[in-house]
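Throughout, a chain's letter reflects where its sequence line sits, starting with A, and its residues are numbered from 1.
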Amino acid sequence: MKIMTDSLIEVRSLRKEYSAGIRKPPITALDGIDFTVREGELFGLLGPNGAGKTTTVKIILGLTAATNGTAFIGGLPVSNAESRRRAGYLPEGHKIPGYLTARQAMTIFGRMSGMSTNDIKQRIPVLLERVRLPQWIDVRVKKFSKGMTQRLGLACALVHRPNVLLLDEPTDGVDPVGRREIRDLLREEAKNGTAVLLNSHLLSEIELTCDRVAVLRKGKVAAEGTIDELTRRTAKYKMIASPLDESLVAMFRESGAGVERVNGHLVLSVTDLAHLNALVDGLRSRGGMLSELAPVRSTLEDVFVDLVKAVDQPTEQRQ
Amino acid sequence: MRVLWANIEDVWREAAARWTLIAYFFLSTIVIIIFASAINLDIVDGALAGAKLFGKEVEMRGSEVSIEKLVLGVESGFSAGLYLLCTFLSIFATAHLVPRMQEKGTIDLYLSRPVSRTKLLLSRYFAGLLLAGSNVFYLLGSIWLIVIWKTHVVHPRFLVAGAVILFVIAVLLAFAFLIGVVTSSTAVSIMASVGVFMFSGMLVGHDRIAAALSREWQAAIIQTLYWVIPKTAELGAAVFTFVSANSFGSKIELSASPFITTAAFGLASLTLAIWRFHKKEF
């Protein structure tokens with residue numbers, strides 16, 4: 001069964017429970033998550049340890065079965081092995097057998113993906129060039145550094161020209177130059193129409209690479225959107241004005257706004273734009289002069305930490 | 001076919017890199033050299049020369065034995081030894097195939113390919129069988145050729161006995177795969193396979209054991225075990241009988257039952273291994 005959809009990866013109401021032992025309630029790893037990754041999109045999956053990121057990826061690849069819900073790759077249910085025909089995967093802490101050379105590893109995985117010998121032969125040098133390993137083509141993997149193994153893993157994931165790429169901590173152990181090259185490579189893949197699902201703890205990597213992000217928390221999607229949408233979510237504004245005396249601060253606080261003094265200016269937390277305008281009006285009515293008013297953008301790390309720390313009462317109760 | 005080829009390449013490269021292949025063929029080569037040296041002794045040379053000169057017969061314990069029958073006798077004795085050697089070597093050389101594949105970080109690389117789990121496991125099984133089979137035919141083939149070269153007696157049944165040995169290896173490999181899928185342990189796979197082989201030898205006397213037992217249910221267990229577990233001892237005897245038939249007046253008397261029940265055990269093991277591998281979460 002193939003469903004018609006714009007999304008190359010589609011996850012619907014995915015739920016996964018693990019048995020915790022006899023007479024113990026099951027552990028919920030995923031609690032009905034939904035998301036889609038479209039063609040040419042770089043999608044980041046964020047979350048603290050145990051949030052369900054790797055479980056999600058494993059279900060998408062058929063390594064683990066979902067308790068409920070469905071996932072599709074290119075419209076095919078993941079229970080169908082054919083769904084993986086155009087999917088490339090780089091697992092976290094992968095172990096490409098050390099006795100193989102780069103060429104042999106790529107040949108074996110290429111064959112397992114249904115490629116012909118000639119096609120593999122042509123593809124190997126091109127990919128090793130892209131991951132900066134051309135001179136290591138006939139060296140055994142056991143001699144590779146961690147960063148090199150990671151880059152070879154990426155080449156193996158790309159060998160069969162997938163249009164869906166799932167990467168678990170792809171820059172783990174890679175030097176800064178290598179990280180940038182991997183980012184460029186992923187962007188290039190996305191530009192060619194590949195849907196990329198990136199699973200990482202490195203928020204800066206996600207921020208620099210991804211178009212859209214989902215934050216998982218206790219098996220649920222706590223937030224989803226573009227980096228811009230997520231980091232603009234909090235209504236904080238920087239205000240530079242004079243005079244910024246205590247009576248003004250008191251007046252702002254009385255209106256319900258959060259006020260912080262930072263390096264001679266105020267950071268205001270307001271409920272909405274009308275609230276902000278009311279504060280500006282209050283300043284002007286007291287004869288104050290406004291010289292700067294700008295939204296304060298949170299970093300993705302701020303958003304992440306806030307979301308992870310936030311109390312999710314229903315989930316807490318369930319667990 | 002590409003998946004099978006990929007697995008064959010993987011299994012052979014691993015065997016070469018881990019010295020298994022070298023040790024496997026080194027031990028086999030030693031056996032071949034010992035055999036070649038034994039058959040090249042002056043006394044054997046003399047007897048064979050005499051036999052060739054005087055009507056192809058040699059004197060053994062006062063009676064005349066034709067050289068063909070002598071060759072059959074030597075080959076049948078050797079085939080029984082080779083049966084044990086080939087079986088044990090193949091268990092040691094292939095028991096790691098599933099546990100190694102199921103290691104964390106490795107299994108993801110295999111299962112993320114567009115290959116069904118059944119196909120993956122069966123491809124690995126046939127790759128392992130090919131590795132074991134190549135050694136069986138290297139050993140038996142070399143000895144067969146040495147005998148032909150030395151005596152000019154061509155006895156194809158010795159070579160065909162390799163098929164029976166390979167059949168037993170195939171059954172034990174299926175069992176090792178089942179244990180490997182369940183436990184992910186090479187050591188346990190080896191212990192279980194060798195254990196089944198040994199236990200089966202003990203159960204040859206199942207009728208006498210059952211008769212000696214005081215309770216009926218105990219006897220029933222022994223009889224059931226006998227029919228369930230592969231008949232490695234009977235099959236070893238079958239190899240000997242098959243090769244030695246017509247040598248000392250004996251005729252081929254092979255029963256199909258050990259072959260059928262052993263094949264059923266192998267098939268059941270492989271089916272269970274596939275079923276468990278399908279259910280397993282990684």
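- Side-chain atoms of B/Glu281 come within 3.5 Å of backbone N or O of A/Ala65 as a donor-acceptor pair.
- Counting heavy atoms of neighbouring residues, nucleotides and ligands inside a 6.0 Å radius, atom NZ of B/Lys119 does not exceed 12 of them.
- For A/Arg140, the part sitting under 4.5 Å from any heavy atom of chain B is the side chain, from C-beta outward, and nothing else.
- Chain A forms the most heavy-atom pairs under 4.5 Å with one residue out of B/Lys104, B/Glu9, B/Lys280, and that residue is B/Glu9.
- The greatest number of non-hydrogen atom pairs below 4.5 Å with chain A, out of B/Arg18, B/Met1, B/Glu14, B/Lys279, is found for B/Glu14.
- By the neighbour-count criterion of 12 heavy atoms within 6.0 Å, atom CD of A/Glu17 is densely surrounded, having more than that number from other residues, nucleotides or ligands.
- Contacts of A/Ala157 with chain B are made by backbone atoms alone, with heavy-atom separations under 4.5 Å and no side-chain atom involved.
- Proximity of A/Lys95 to B/Glu103: side-chain heavy atoms (C-beta onward) are separated by under 4.5 Å at one or more points.
- Here the side chains of A/Phe109 and B/Asp10 are not in contact, with every heavy-atom distance at 4.5 Å or above.
- More than 12 heavy atoms of other shown residues, nucleotides or ligands fall within 6.0 angstrom of atom CH2 in B/Trp12.
- Residues A/His160 and B/Arg113 are in side-chain contact: their nearest non-hydrogen atoms beyond the backbone lie under 4.5 Å apart.
- Interface residue B/Leu120: only side-chain heavy atoms are found under 4.5 Å from chain A.
- You'll find the side chain of A/His94 stays beyond 4.5 Å of the side chain of B/Asp108, heavy atoms only.
- Between B/Leu111 and A/Leu61 the shortest side-chain heavy-atom distance does not fall below 4.5 Å.
- With a 4.5 angstrom heavy-atom cutoff, A/Lys142 does not touch chain B via any of its atoms.
- Neither the backbone nor the side chain of A/Leu90 comes within contact range of chain B; no heavy atom of the residue lies under 4.5 Å from a heavy atom of that chain.
- Taking a 6.0 Å sphere around CD of A/Gln135, one finds it holds more than 12 heavy atoms contributed by other residues, nucleotides or ligands.
- Looking at A/Leu63, both its backbone and its side chain come within 4.5 Å of chain B, counting heavy atoms on both sides.
- A/Thr107 touches chain B through its side chain: at least one heavy atom from C-beta onward sits under 4.5 Å away, while N, CA, C and O do not.
- For the pair B/Leu109 and A/Met112, the minimum side-chain heavy-atom distance is 4.5 Å or more.
- With hydrogens and angles ignored, the 3.5 Å screen pairs no side-chain donor or acceptor of B/Ser112 with any backbone N or O of A/Tyr89.
- At a threshold of 4.5 Å between non-hydrogen side-chain atoms, the residues B/Arg2 and A/Ser113 do not count as touching.
- Annotation: side chain of A/Pro97 is in contact with side chain of B/Arg100 (closest heavy-atom distance under 4.5 Å).
- Of the atoms belonging to A/Val57, not a single heavy atom falls under 4.5 Å from chain B.
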